[in-house]
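Data first, discussion second: the structure below is written as structure tokens.
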Amino acid sequence: AVSKPYFAIAAAVRHAIGQSTTMAAMTTSRFDTLQAPPKDPILGVKEEFLADAATDKINLSVGAYRTDEGQPWVLPPVAEARKRLIEG
């Protein structure tokens, strides 16, 4: 025979599942009218880089730049600006 607590737990689980399904439906419908924003032109630079089949390219999109060996690479104009700021 199955004890009464089992039925109480089973009923509670069924109730919770029913509520979460209802909440999911409500949440989904709340955002149905939202439209995707236009693509960010800055982030699009990386997409273009990845789509380009050229082998002699440098990824200048957002992020830290690294050599093929994985070492940090500072853009020459940035290095020059840093030098000028430090030297005055």
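Rounded to the nearest 0.5 angstrom, Glu47 CD and Asp40 CG are separated by 9.5 Å. Interatomic distance, Glu80 CD to Leu85 CG, rounded to the nearest 0.5 Å: 10.0 Å. With rounding to the nearest 0.5 angstrom, the CD atom of Glu48 is 11.5 Å from the CG atom of Leu43.
For NZ of Lys57, the number of neighbouring non-hydrogen atoms (other residues, nucleotides, ligands) closer than 6.0 Å is greater than 12. Heavy-atom contacts from other residues, nucleotides or ligands closer than 6.0 Å to CD1 of Ile42 number 12 or fewer.
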Q.
Could you go through Ile58 and Phe49, starting from their C-alpha distance and side-chain angles, then the distance that decides it, and tell me whether this counts as side chain to side chain contact (heavy atoms under 4.5 Å, CB included)?
A. CA-CA 8 Å; Ile58 297 174; Phe49 172 82; 5.7 Å; no
